[in-house]
Amino acid sequence: MARTLITSALPYINGIKHLGNLVGSQLPADLYARYRRARGDEVLFLCATDEHGTPAEIAAQKAGKPVAEYCAELHEVQAEIAAGFRLSFDHFGRSSSEQNKILTQHLATKLAESGLIEVIEETQVYSVTDGRFLPDRYIEGTCPNCGYDSARGDQCDNCTKQLDPTDLINPHSTISGATDLETRATKHLYLKQSNMRGALSEWIESKTDWPVLTTSIAKKWLNDGDGLQDRGITRDLSWGVPVQYDGAPWTGMDGKVFYVWFDAPIEYIACGAEWAAKQGFDDAAWERWWRTDKGADDVRYVQFMGKDNVPFHTLSFPVTMLGSNEPWKMVDYIKSFNYLNYDGGQFSTSRGRGVFMDQALSILPPDYWRWWLLSHAPESSDSEFTWENFQSSVNKDLADVLGNFVSRITKFCRSKFGEEVPAGGDYGDQERALIADLTEKVADYQSHMDAIDVRKGANALRAIWVAGNEYLQSAAPWSTFKEDPELAAMQVRMGLNLIGLYARLSSPFIPDTSGKLHTALALDTLDWPEDVAACLSSLTPGHTFVVPDNLFAKISDEDREDWQEKFAGTRS
RNA sequence: GGCGGUGUAGCUCAGUUGGUUAGAGCAGCGGAAUCAUAAUCCGCGUGUCCGGGGUUCGAGUCCCUGCACCGCCA
């Protein structure tokens, strides 16, 4: 049995993500996971919250809660919303887990043994009032260049001049407003990524089948300017994986933690360990996915992420994996996405612009969102969400093409033959032609799904739905019924079987709807229709069903205008 | 400032290694049908493929350049 390991970029803990974040990683990852499972693969689909770092500490502080408690709560919130979108993670873990701590410390040790860690002393701004070192962007003051009074420590937003925090006039902490800032010397561990440049370059060059978006970003970082830079992997914080521990190959790192970008990707692996522990399995259960010396050789590992995450997945994390000199399973394919814009601008978490995951679910069921987002996934370039487009796509594709198809055939059957598959007649030329056409269309659909071409997959699926309406329109059982009820019965039987086919093929995109059809038609299975002809004969005369409620209500102009207004401004 | 991306029908987007009259969905127009959520099906597109140069027998597709928008980096 083929085995597929799938990970989605980890959503950061400090709040609810917007639809742009969702469509860039978790949702397409789920689509692919569902598809691979349907095709019979053994799948392990992992995701987790990314919980460490300064933003989490500050968010917790604002909420007036200990950071651990804050993260635990937000993790539950995110998990619940993920479930709301039907994201089928085998495990939704936490980067703050014990497993991740152990693994992060282990890998840091291995990297040190490989000579890839060095200790560097540098100066950073310390806020006495806040009791912490401040990242550059949390320091503001007057720009020495243009006089703008809210220039950040890394850059002036007004004149765009790049700054050093110590350049600022009258600097203060944006966390507390404190002005008692001082520069202090502090030591940090650096990961010598530059030493691995050759190995990384070779590895990336070998990935000729990757999307250009992925490889162009990777190569740019690898080759531009002075090439790949070494990066600090520790920070002076309390919330995170401790850098100093028993057996650490360095000293003097007390009170420091690993920088979030270092431990977050390691959570992909640790998440597997969390999953195994939760299932009551032993280590071998997750190691067969993650260690090539323990059975992961035949695993195909696919990662999903937005383009902003590509450097970490093509360079930093691989440095950790390769540099450890241990046989970790490396990623086989990286599917990356561009950005989804919102109505002429960007989605903005800070300004609350756009639709956030919880809000989306509060106004419509998940399948509406899944369908629109996936059929408009920003694959080749940034794409745009507008309410008009959302309304027309959803109404047309889901309500009219698919929903109405189910409605018209089941209701016609009920009125003429009752709620059971009618007997009589045999499939003829027209049906054989339809089967041949659908067999071809399903193969086309599968080829796009195999290639993880999300939009093309959606288009192909839609074409399959359309084929049912074309058939029904030309077979016209409502006409043939008058002269030849047996013929009409056979045509209706085909129509009902088409619903069964659609329920199976559509499940990766719109799982709830597939479930409804499964129940209404009393299908014995939602297995993939490897044999289209057989699938279209699987509902036999006498099989009873129930006419389902309309699958999709249409979005009215009033709703659309309402939402347009509601989500334009600031998140309430 | 450096780098990268994008710019194709009213809208959202496809267009593989350059090759016949540039495509899909939606919207619009005309028709058929009336089983169905006025839902479906059929037919209809002369679009300076952002502008300007160039390479080529031939360019949306390669090169140079200008413009616009968007990112990333320093």
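Here is the naming used below: chain letters follow the sequence lines, and residue numbers restart at 1 for every chain.
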Enquirer: Applying the Watson-Crick and G-U wobble criteria at under 3.5 Å, what pairs with B/G58? Answer none if nothing qualifies.
Expert: none

Enquirer: Looking for any heavy atom pair under 4.0 Å, which part of the strands does A/Phe552 touch: base, sugar-phosphate only, or nothing?
Expert: base

Enquirer: Using atom types as modelled and distance alone, determine if a side-chain donor or acceptor of A/Tyr12 lies under 3.5 Å from a backbone N or O of A/Ala56.
Expert: yes

Enquirer: Please report, rounded to the nearest Å, how far the P atom of B/A39 is from the CG atom of A/Leu551.
Expert: 16 Å

Enquirer: With nearest nucleotide decided by heavy atoms, which residue, A/Asp397 or A/Leu402, maps closer to the 5′ end of RNA chain B?
Expert: A/Asp397

Enquirer: How would you label the contact of A/Val406 with the nucleic acid (heavy atoms, under 4.0 Å): base, sugar-phosphate, or nothing?
Expert: nothing

Enquirer: Hey, can you tell me if A/Trp372 and A/Phe385 have their rings parallel, tilted or perpendicular (30° and 60° cut-offs)?
Expert: perpendicular

Enquirer: Any donor-acceptor pair under 3.5 Å between the side chain of A/Asn404 and the base of B/A36?
Expert: yes

Enquirer: Write down the distance separating the P atoms in B/G18 and B/U12, rounded off to the nearest Å.
Expert: 29 Å

Enquirer: For a side-chain contact (heavy atoms from CB on, under 4.5 Å) check, start with the C-alpha distance between A/Leu496 and A/Thr410, then their side-chain angles and the critical distance, and finish with the verdict.
Expert: CA-CA 7 Å; A/Leu496 292 168; A/Thr410 53; 4.1 Å; yes

Enquirer: Rounded to whole Å, how long is the line connecting atom OH of A/Tyr342 with atom C1' of B/U12?
Expert: 17 Å

Enquirer: Taking only the P atom of each, what is the distance from B/U46 to B/C41 in whole angstrom?
Expert: 24 Å

Enquirer: Could you state the CD-P distance from A/Glu470 to B/G25, rounded to the nearest angstrom?
Expert: 10 Å

Enquirer: Flag the pair A/Phe405 / A/Tyr471 as yes when their ring centroid distance falls below 6.0 Å, and as no otherwise.
Expert: no

Enquirer: Looking at A/Lys307, does any N or O in its side chain come under 4.0 Å of the phosphate oxygens OP1/OP2 on B/G4?
Expert: no

Enquirer: Considering Watson-Crick and G-U wobble pairs with both distances under 3.5 Å, what does B/C13 pair with?
Expert: B/G23

Enquirer: Please determine, for the side chain of A/Asn550, which listed nucleotide (B/U37, B/G15, B/G71) has the closest atom?
Expert: B/U37

Enquirer: Evaluate whether the aromatic ring of A/Phe412 and the six-membered ring of the B/C35 base sit under 5.5 Å apart, centre to centre, with an inclination under 30°.
Expert: no

Enquirer: Given B/C42, B/U37, B/A33, identify the nucleotide with an atom nearest to the side chain of A/Trp478.
Expert: B/A33

Enquirer: Can you tell me how far P of B/C35 sits from CG of A/Leu496, to the nearest Å?
Expert: 17 Å

Enquirer: Please measure how far the P atom in B/A68 lies from the corresponding atom in B/G31, and state the result in whole Å.
Expert: 47 Å

Enquirer: Yes or no on side-chain contact (heavy atoms from CB on, under 4.5 Å) for A/Phe337 and A/Glu379, after CA distance, side-chain angles and deciding distance?
Expert: CA-CA 5 Å; A/Phe337 289 86; A/Glu379 290 179 295; 3.7 Å; yes

Enquirer: If you compare every side-chain N and O of A/Arg408 against the phosphate oxygens of B/A33 (OP1, OP2), does one of them come in below 4.0 Å?
Expert: no

Enquirer: Taking CG from A/Asp559 and P from B/U37, how many angstroms apart are they, rounded to a whole number?
Expert: 20 Å

Enquirer: Expressed in whole Å, how much space separates the P atoms belonging to B/G60 and B/A22?
Expert: 10 Å

Enquirer: In the strands shown, is B/C72 matched to any nucleotide by a Watson-Crick or G-U wobble pair with both distances under 3.5 Å, and which?
Expert: B/G2

Enquirer: Would you kindly give the CD-to-C1' distance between A/Gln391 and B/U12, to the nearest whole Å?
Expert: 15 Å

Enquirer: For A/Asp400, report the nucleic acid contact type (base, sugar-phosphate, nothing); a contact means any heavy atom under 4.0 Å.
Expert: sugar-phosphate

Enquirer: Please measure how far the C1' atom in B/G51 lies from the corresponding atom in B/U40, and state the result in whole Å.
Expert: 44 Å

Enquirer: Looking only at atom C1', what distance separates B/G45 and B/G10, rounded to whole Å?
Expert: 12 Å

Enquirer: Mind checking the CE-CD spacing from A/Met494 to A/Glu431? Nearest 0.5 Å is all I need.
Expert: 5.5 Å

Enquirer: For B/U40, does the base pair up with any side-chain atom of A/Gln473 as donor and acceptor (N or O, under 3.5 Å, distance only)?
Expert: yes

Enquirer: Which value, in whole Å, describes the distance between the P atoms of nucleotides B/C11 and B/C44?
Expert: 23 Å

Enquirer: Using the P atom on both, measure B/C69 against B/A24 and round to a whole Å.
Expert: 32 Å

Enquirer: Decide yes or no for A/Asp562 and A/Ile363: does some side-chain heavy atom of the first lie under 4.5 Å from some side-chain heavy atom of the second?
Expert: no

Enquirer: Return no unless some side-chain N or O of A/Lys416 is found under 4.0 Å from OP1 or OP2 of B/A36.
Expert: no

Enquirer: Which is more 5' along RNA chain B, the nucleotide nearest A/Cys413 or the one nearest A/Arg455? Just name the residue.
Expert: A/Arg455

Enquirer: Looking only at the side chain of A/Leu472 (C-beta and beyond, no hydrogens), which of the listed nucleotides B/G25, B/C35, B/A36 gets closest?
Expert: B/C35

Enquirer: Atom CG of A/Leu340 and atom P of B/G5: how far apart are they, to the nearest Å?
Expert: 22 Å

Enquirer: Give a yes/no answer on whether the side chain of A/Lys396 brings an N or O atom under 4.0 Å of OP1 or OP2 in B/G25.
Expert: no

Enquirer: Taking atom C1' of B/U40 as reference, at what distance in whole Å does atom OH of A/Tyr502 sit?
Expert: 12 Å

Enquirer: Please name the nucleotide paired to B/G45 by Watson-Crick or G-U wobble geometry with both distances under 3.5 Å, or report none.
Expert: none

Enquirer: Look at the rings of A/Trp563 and A/Trp387 and say which category their plane angle falls in: under 30° parallel, 30 to 60° tilted, over 60° perpendicular.
Expert: tilted

Enquirer: Could you tell me whether A/Lys554 contacts a base, only the sugar-phosphate backbone, or nothing, with contacts defined as non-hydrogen atoms closer than 4.0 Å?
Expert: base

Enquirer: Look through every strand shown and name the nucleotide pairing with B/A39 as Watson-Crick or G-U wobble, where both distances are under 3.5 Å.
Expert: none

